[in-house]
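Report on the structure given below.
Below, chains carry the letters A, B, ... as their sequence lines are ordered, and counting in each starts from 1.
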4 protein chains.
Amino acid sequence: MTGAQERPLRADAARNRAKVLDAATEVFTTRGIGVPTEEIARAAGVGVGTLFRHFPTKEALLEAVMVRRLETIAERTAELAAGAEPAEAFYGCFRLIVEQSAGKNEFARALAAAGVDVQSSLQAPSAVIRTRLTGLLDRAQRAGAVRPDLTVPELIALLVGTGATLEQLGPDPAARERVLDVLFTGLRPR
Amino acid sequence: MTGAQERPLRADAARNRAKVLDAATEVFTTRGIGVPTEEIARAAGVGVGTLFRHFPTKEALLEAVMVRRLETIAERTAELAAGAEPAEAFYGCFRLIVEQSAGKNEFARALAAAGVDVQSSLQAPSAVIRTRLTGLLDRAQRAGAVRPDLTVPELIALLVGTGATLEQLGPDPAARERVLDVLFTGLRPR
Amino acid sequence: MTGAQERPLRADAARNRAKVLDAATEVFTTRGIGVPTEEIARAAGVGVGTLFRHFPTKEALLEAVMVRRLETIAERTAELAAGAEPAEAFYGCFRLIVEQSAGKNEFARALAAAGVDVQSSLQAPSAVIRTRLTGLLDRAQRAGAVRPDLTVPELIALLVGTGATLEQLGPDPAARERVLDVLFTGLRPR
Amino acid sequence: MTGAQERPLRADAARNRAKVLDAATEVFTTRGIGVPTEEIARAAGVGVGTLFRHFPTKEALLEAVMVRRLETIAERTAELAAGAEPAEAFYGCFRLIVEQSAGKNEFARALAAAGVDVQSSLQAPSAVIRTRLTGLLDRAQRAGAVRPDLTVPELIALLVGTGATLEQLGPDPAARERVLDVLFTGLRPR
DNA sequence: GATGAATGAGCTTTCATTCAT
DNA sequence: CATGAATGAAAGCTCATTCAT
């Protein structure tokens with residue numbers, strides 16, 4: 001139920017869909033949202049028509065990229081959450097999400113600005129993540145690894161913001177570590 | 001240091017420039033960067049021609065909006081920094097900046113994407129801010145109010161990210177306070 | 001003379017050709033010429049590929065639709081012309097054609113605009129009709145049922161125009177009758 | 001009240017609007033509705049942008065062309081209707097309209113197909129014409145020059161259809177005269 | 001100086017037609 | 001042979017920027 005298609009989708013069609021999605025993710029992330037659809041098609045090695053057959057709108061493409069990202073995050077958090085003690089699971093997932101989420105904000109904003117019903121299409125995967133985060137936070141708080149007054153919306157906002165922080169900061173590992181340490185220290189019960 | 005020099009600029013021209021700048025700030029912030037230039041002109045109550053006379057490019061307008069924001073921030077931080085003990089000055093400025101900076105990221109990104117030499121045009125005001133931040137951080141660290149390993153670039157990244165966090169979080173004051181408390185706790189020496 | 005010769009055409013292929021032709025007639029008539037080819041294929045219950053195998057061009061399909069219409073008209077006029085006295089035959093055929101020809105003009109125009117050699121492809125069936133009309137007119141004129149100065153091209157133009165009149169008029173039977181009465185009165189010798 | 005603009009419209013703007021309208025009338029009539037908007041702009045000697053500034057949609061342009069045609073017809077019928085005895089006025093206007101209306105049907109159909117609210121935008125001028133036609137028909141019927149059972153909708157349908165007849169017929173004056181004579185004879189009381 | 005009409009490159013999207021499956 | 005995914009030329013429309021009024 002994570003991504004069931006209507007019909008199985010022909011082999012080559014699926015391949016092209018994936019190529020487009022990959023190219024879009026790459027291009028949107030590196031060069032921003034303003035890039036012409038045609039460029040993305042070219043990067044994917046398909047014609048514009050093909051792109052539009054799979055994603056009837058540029059918006060729809062953006063949406064699909066986000067959905068896939070969220071799904072990826074959901075999967076990885078599931079693995080992490082499975083076999084680990086509460087604190088490790090929580091902070092591990094935090095790390096995972098903020099590393100993955102570079103550029104995510106821009107997408108969300110663009111979608112929102114375009115008036116997409118972000119709720120409906122992203123709700124499924126983001127609900128999964130939200131549920132997972134709720135569980136992680138709860139367990140960690142009960143284990144005394146996270147301050148008890150923090151709520152899920154605040155956690156999500158912090159994830160988004162920390163993503164932005166890291167994006168702004170650049171690649172220096174020591175600096176990134178220091179910034180995460182600030183966050184993690186602040187998240188622990190005093 | 002308020003911005004305009006070159007030539008004194010006629011009274012009505014200056015008034016128009018200000019009207020455009022105000023309108024642009026308002027419109028860009030509320031409706032995003034994609035809004036047509038003409039809309040901004042209309043919001044300012046002038047013709048597009050006038051707008052382009054003052055800001056030869058849409059980019060230039062965006063830049064000007066950012067510059068003014070930074071200048072505003074610089075001024076206010078100056079006031080705060082002046083008569084206050086180190087800890088209060090530092091945390092007060094942090095608050096001030098993150099509250100002010102809603103939407104700032106989008107601007108910065110847009111400018112960067114457009115290939116503007118963000119450094120050169122924003123350098124003056126951002127250098128002022130950077131200097132001020134350096135001073136604030138330094139004083140606060142020496143007073144034992146901020147962990148000593150934090151550097152200025154990390155502080156700036158945290159300011160940007162915390163702005164994003166608050167933007168994501170919405171207006172609930174309790175939640176905002178909690179989030180800031182996480183940050184401030186994390187920033188203190190253990 | 002039903003259309004298909006060249007090669008016998010397999011049974012299912014012939015069935016598909018007919019399905020496409022029926023669907024095209026229906027769709028073109030009700031929704032205009034602008035409908036995407038794919039829609040017609042869907043209405044016919046076949047893939048686009050099949051459609052294009054039978055009609056190498058959208059134009060060709062339009063043409064085929066018109067040809068079949070003309071053929072239908074030709075057949076019916078034949079029946080009417082066979083066993084009836086001149087006046088009845090003439091006015092009966094006039095009625096028949098103008099009732100049948102709703103929307104036909106649009107096709108003809110579309111074909112002409114597309115630069116199709118309307119003459120060559122439609123010549124066979126329209127020659128049949130023209131011959132029949134010539135006979136009908138001639139007999140009716142000799143019987144004193146139609147004014148003697150009217151020529152075949154004028155008759156055809158009047159048929160086309162009366163079709164348009166009825167199309168414009170809508171379904172009210174009394175009004176349609178009145179309009180036809182105007183025409184028929186005008187067609188009789190003074 | 002026949003065509004009042006919001007603001008007087010600058011001299012050059014009015015000139016361009018007229019040029020576009022002329023070109024559109026010409027091009028639509030001779031080459032059909034399918035012609036690219038850009039072609040019309042070129043024919044008018046302006047850029048596409050200018051065209052779209054005046055007519056925000058291709059549909060709107062079609063509409064405007066029709067409106068102007070109807071207005072022209074309305075004016076001319078007014079002149080004719082003014083100083084003439086009933087029969088002459090009626091048959092004169094009939095002639096005038098069917099000569100003018102070449103290609104009009106195609107426009108009307110295109111508009112209808114596009115789902116334009118034909119009523120609202122064309123109502124004003126077409127109401128004028130309808131009123132005029134009502135008056136002409138009424139006077140002619142009272143003068144015994146037209147069969148008394150004919151109604152206005154039927155008259156309009158006949159005008160449309162006769163336009164189509166003439167268009168189909170081509171330019172031969174004798175043939176056109178003969179066709180009109182059929183109509184006019186049919187329209188007289190028997 | 002101010003205005004807003006004109007410009008046209010560029011963007012998203014459609015659709016007749018081809019061709020791998 | 002049938003299918004429908006792929007193609008890409010072309011269409012309609014937008015918008016930053018220029019320039020006559």
Side-chain N,O (H54(A)) to OP1/OP2 (dA6(F)) below 4.0 Å:
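The answer is yes; a side-chain N or O of H54(A) sits under 4.0 Å from OP1 or OP2.
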Can a side chain N or O of T37(B) be found less than 4.0 Å away from OP1 or OP2 on dA16(F)?
yes
So what does T50(D) touch, heavy atoms closer than 4.0 Å: a base, only the sugar-phosphate, or nothing?
base
Both G47(A) and V35(B) contact DNA chain F. Which one's nearest nucleotide lies toward the 5' end?
G47(A)
Residue whose closest nucleotide on DNA chain F lies nearer the 5' end, G49(C) versus A11(D)
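Looking at DNA chain F, the more 5' nearest nucleotide goes with G49(C).
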Going from CZ on R42(D) to CG on L51(D), what distance comes out if it is rounded to the nearest 0.5 angstrom?
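Reported value, rounded in 0.5 Å steps: 12.0 Å.
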Candidates [options] - which lies nearest the side chain of [X]:
{"X": "V46(C)", "options": "dT3(F), dA6(F), dA2(E)", "answer": "dT3(F)"}
{"X": "N16(C)", "options": "dT3(F), dA2(F), dA16(E)", "answer": "dA2(F)"}
{"X": "R53(D)", "options": "dT17(F), dA2(F), dA5(E)", "answer": "dA5(E)"}
{"X": "D12(D)", "options": "dG4(E), dT21(F), dT12(E)", "answer": "dT21(F)"}
{"X": "V48(D)", "options": "dC13(F), dC1(F), dC15(F)", "answer": "dC13(F)"}
{"X": "K58(A)", "options": "dT12(E), dA2(E), dT18(E)", "answer": "dT12(E)"}
{"X": "P36(B)", "options": "dT12(E), dA11(F), dC15(F)", "answer": "dC15(F)"}

Shortest non-hydrogen contact between [X] and [Y], atoms and distance:
{"X": "V65(A)", "Y": "F28(A)", "value": "CG2-CD1, 4.3 Å"}
{"X": "I40(C)", "Y": "V20(C)", "value": "CG2-O, 4.4 Å"}
{"X": "F55(B)", "Y": "A64(B)", "value": "CE2-CB, 3.6 Å"}

H54(C) vs N16(C), side chain to side chain contact (heavy atoms under 4.5 Å, CB included): CA-CA, chis, key distance, verdict
CA-CA 9 Å; H54(C) 288 295; N16(C) 274 341; 4.0 Å; yes
Suppose we define a pair by two distances each less than 3.5 Å, Watson-Crick or G-U wobble; what does dG12(F) pair with here?
dC11(E)
Applying a 3.5 Å limit to both distances, which nucleotide forms a Watson-Crick or G-U wobble pair with dA20(F)?
dT3(E)
